Structures are given as C-alpha cells and as structure tokens.
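Have a look at the structure below before the remarks.
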Amino acid sequence: MKWLPNTSLTGIADLDRQDIDQLMAAAGQMAGARAPAMAPLAGRIVATLFYEASTRTRLSFEAAALRLGAHVVSVADATGSSSVAKGESLADTVRIVSAYADAIVLRHPQEGAAQEAARALGDRIPVINGGDGAGEHPTQALTDAYTLHQHFGRLDGLTVTFVGDLRYGRTVHSLAALLGSYALRAVQLVAPEGLDAPGGLAGSLGTAPVIHISSLAEAAATTDVLYMTRIQHERLPAGATPPGPLRVDRAVLDALPASSVILHPLPRKDELPTLVDDDPRAIYFQQAANGVPMRMALLTHAIG
Ligand code: NCD
C-alpha cells in the first residue's frame with residue numbers, strides 16, 4: 001500500500017497496484033449504498049474548490065460525500081466567486097479552507113496545482129486532485145479502471161486504444177499511468193496531428209507495447225477498449241487551429257469487435273455522435289455513474 005490515509009492524492013504515482021485494486025473493490029461495495037443507512041463520514045466536511053468548469057467530477061464528489069454522511073462546502077467557480085478574484089494565492093486559499101474542512105477536492109487550470117496545494121498544506125488535510133490543467137485526473141482514471149474491471153473482470157491482458165487529444169487530455173495521462181500497473185496486451189494511440197501523447201506517456205505504461213495508428217477504424221478492429229476523448233480547445237495555444245476530431249462513425253462501429261467497449265470521460269463533442277449511445281458497447285453513461293461509488297471509496301480512504 002502506497003497511499004496512506006489522511007494524505008493527498010495528486011497523481012497516479014501516489015498509488016500502487018494494491019491501492020488501485022483495493023479502491024476498485026471498495027467502489028464495488030459502495031455501489032448502491034445509500035445514506036443514512038451507512039454514514040461512515042458523519043460529522044466530516046469535504047470542500048470542493050473548483051477553478052475550472054465541471055459537472056461530473058464536482059457533483060459526483062459531492063454526491064459521494066453526502067451519501068457517506070459528510071457535509072459539503074463548495075466553490076464551483078473559485079476564480080470568479082472566491083477571494084481568488086481579489087488576487088489570493090492558491091496556497092493561501094487552501095490553507096484557509098483547511099481550517100474549515102477535512103479534505104479538499106481541487107480542480108485548477110494549472111498543471112501541478114494539486115501538488116502545490118498539498119505542499120502548502122503539509123499533512124494538515126488531504127488534497128484530492130480533481131484535474132490539474134493538462135496534467136492529471138487520477139480520480140477519473142480510477143473511475144475508468146473500475147468501469148473496465150466491472151465489465152471485463154480484469155485489467156490484465158486488455159488492449160486499450162486512446163483516441164483524440166492525447167496531448168492535453170489529462171484523463172488519458174492518468175489512465176495510461178494507472179494501466180502501467182497492469183500487464184496490458186497492448187496500447188494503441190490514435191491522435192490528430194499535433195495532439196500526440198507527451199513523451200512520458202509510453203514510459204508510464206510499463207511493458208505493454210505502444211502502437212501508433214493513424215486510422216481509427218483500423219485501431220478499433222483490434223481493441224478491447226476504445227477510449228474516446230474531446231479535443232481540449234481551451235488548452236490549445238492561442239491562435240492555433242484545432243484539428244478536426246477523430247469520430248466514431250458507422251465504419252468504426254462495424255470494425256469494433258462485439259466484445260469491446262467504448263468509454264469517454266465526457267463531456268463529448270463531435271467525436272462521439274449520439275447515434276453511438278444505443279450501441280450495447282457504449283458504456284460511458286455507466287462510466288459517469290461509477291464516479292459516485294469510486295469517489296465514495298476515495299473519500300472513505302482519505303478521511304474515513
Ligand atoms: C474530463 C476533464 O475534466 O478532464 N472531464 C471529466 O472530468 N469527466 C474530460 C474533458 O473535459 O474533456
């Protein structure tokens with residue numbers, strides 16, 4: 001076990017395989033649990049401090065906290081509505097919030113922000129990274145892994161294909177790092193020009209062969225998991241022309257094996273048309289729903 005209770009989770013490097021297995025098992029137990037029958041976090045306060053837009057991450061963390069019997073204090077738009085608008089630093093803000101809450105879930109546009117916040121806090125209360133710019137999104141990766149484990153009963157041996165904005169997509173960075181703890185059969189990368197995965201990504205994947213493929217339909221034909229992502233327009237350099245999306249179309253669906261699944265961290269744009277929603281291999285709404293039990297498991301570990 002690498003991740004100790006009452007310490008921060010800033011990236012996948014804070015976890016080992018045993019932690020990930022235990023969190024997935026705990027999420028499985030949390031699924032379907034309802035407060036107040038079970039209130040292990042009664043009397044605790046979780047702060048969600050979001051400097052960037054969010055629907056799933058913030059609300060599923062808050063729902064998870066409430067289901068565990070904790071209370072929630074929330075800043076959904078820290079840049080505009082907290083003292084950050086008066087120029088307060090991140091370090092000062094989290095230090096203040098640490099006097100009010102037992103854990104902070106932080107989302108911030110700057111890469112490394114969660115680590116900076118954790119450093120500023122010492123061991124006072126844990127910070128959980130809810131997304132730091134183009135860096136990481138470890139709790140989404142855990143939700144994704146849990147969804148795959150639920151479906152396949154294992155992570156070892158899978159072929160996973162990451163599609164879309166692999167450069168700025170933080171969910172890809174975290175999920176690839178997480179899967180590095182398992183023995184994947186292969187990882188396939190399909191990215192538009194200019195949005196290739198950062199150099200470190202292949203290294204985080206352990207021994208799995210990493211294959212770059214330009215045709216999405218070709219990659220789909222040999223994968224267990226098609227992990228689609230949105231082009232992160234907000235992170236492209238100013239003035240850059242965004243490439244067109246790699247889209248799941250009829251040809252891709254025809255090529256994709258019947259036993260495969262399609263994931264997407266959402267929100268989606270043109271890369272995942274709604275025609276895909278009725279396909280039995282589309283499990284991204286289940287994936288989004290799984291954010292609650294996984295975040296219940298995370299909060300219970302962090303402050304239970
Ligand atoms: C992702 C994110 O914020 O990185 N969304 C999420 O948390 N489910 C993906 C994205 O914004 O494209």
Side-chain angles (χ1 to χ4, degrees), residues 9-12 27 48-65 74-79 104-114 127-148 160 162-178 189-192 195 197-198 201 225-236 242-248 261-274 276-277 282-296 298-299:
L9 174 61
T10 61
I12 293 295
T48 53
L49 185 58
F50 277 56
Y51 292 73
E52 246 190 15
S54 170
T55 303
R56 276 150 293 271
T57 303
R58 188 171 63 83
L59 294 182
S60 66
F61 258 114
E62 295 185 0
S74 182
V75 187
D77 171 22
T79 311
I104 298 175
V105 181
L106 176 72
R107 170 169 287 190
H108 197 282
Q110 183 194 312
E111 206 170 319
V127 173
I128 298 178
N129 184 1
D132 61 315
E136 280 218 44
H137 195 348
T139 72
Q140 180 66 45
L142 285 159
T143 302
D144 302 341
Y146 169 58
T147 305
L148 292 176
V160 177
F162 291 108
V163 184
D165 189 344
L166 310 187
R167 177 163 183 184
Y168 297 107
R170 57 195 174 193
T171 69
V172 170
H173 304 161
S174 285
L175 184 55
L178 183 158
L189 304 178
V190 191
L195 298 180
L201 186 122
V225 180
L226 200 58
Y227 190 93
M228 299 299 301
T229 64
R230 166 181 80 86
I231 290 175
Q232 308 277 303
H233 287 97
E234 70 275 33
R235 303 196 203 289
L236 298 177
L246 289 154
R247 187 191 309 253
V248 180
V261 294
I262 303 168
L263 292 188
H264 193 305
L266 303 175
R268 63 170 150 194
K269 298 283 293 277
D270 303 339
E271 69 281 354
L272 188 58
T274 53
V276 183
D277 296 358
I283 58 168
Y284 33 86
F285 291 115
Q286 180 60 33
Q287 178 189 4
N290 281 342
V292 174
M294 177 47 77
R295 285 160 179 138
M296 289 173 79
L298 283 158
L299 289 174

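Note that the coordinates shown come from a computational prediction; the quantities given were computed from them, not determined experimentally. All ligand and atom numbering here is 1-based and tracks the order in the structure.
Residue Gln232 has at least one heavy-atom neighbour below 4.0 Å for each of these atoms of ligand 1: 10 (C), 12 (O). Atoms of ligand 1 found under 4.0 Å from any heavy atom of Leu266 (numbered from 1 in listed order, with element): 1 (C), 5 (N), 6 (C), 8 (N), 9 (C). If you number the atoms of ligand 1 from 1 as listed, the ones under 4.0 Å from a heavy atom of Thr57 come out as 6 (C), 7 (O). Those atoms of ligand 1 with a heavy atom of Gln140 less than 4.0 angstrom away are 6 (C), 7 (O), 8 (N).
In the model, Tyr284 has a side-chain atom that pairs as donor or acceptor with a side-chain atom of Asp277 under 3.5 Å. Checking Thr48 against Arg58 by side-chain atom types alone, no donor-acceptor pair falls below 3.5 Å. Side-chain N/O atoms of Glu62 and Ser74 include a donor and acceptor closer than 3.5 Å. Judged by distance alone, the side chains of Gln110 and Asp132 never bring a donor and an acceptor atom under 3.5 Å apart. Remark: the Thr10 side chain and the Asn129 side chain contain no N/O donor-acceptor pair separated by less than 3.5 Å.
Residue Pro265 places at least one N or O, backbone or side chain, under 3.5 Å from an N or O of ligand 1. Geometrically, ligand 1 and Thr171 share no nitrogen or oxygen pair separated by less than 3.5 Å.
Heavy-atom distances between Pro267 and ligand 1 reach below 4.0 Å in at least one pair.
Closest heavy-atom approach to atom 4 (O) of ligand 1 among the candidates Glu52, Arg56, Arg170: Arg170.
By the 4.0 Å N-to-carboxylate-O rule, Glu136 lies too far from Arg107 to be salt-bridged with it.
Using a 4.5 Å heavy-atom threshold, the side chains of Ile262 and Val276 count as touching.
For atom 11 (O) of ligand 1, the closest non-hydrogen atom on the protein side is Arg230 NH2, 2.9 Å. Remark: minimum distance from atom 7 (O) of ligand 1 to any protein heavy atom is reached at His137 NE2, 2.8 Å.
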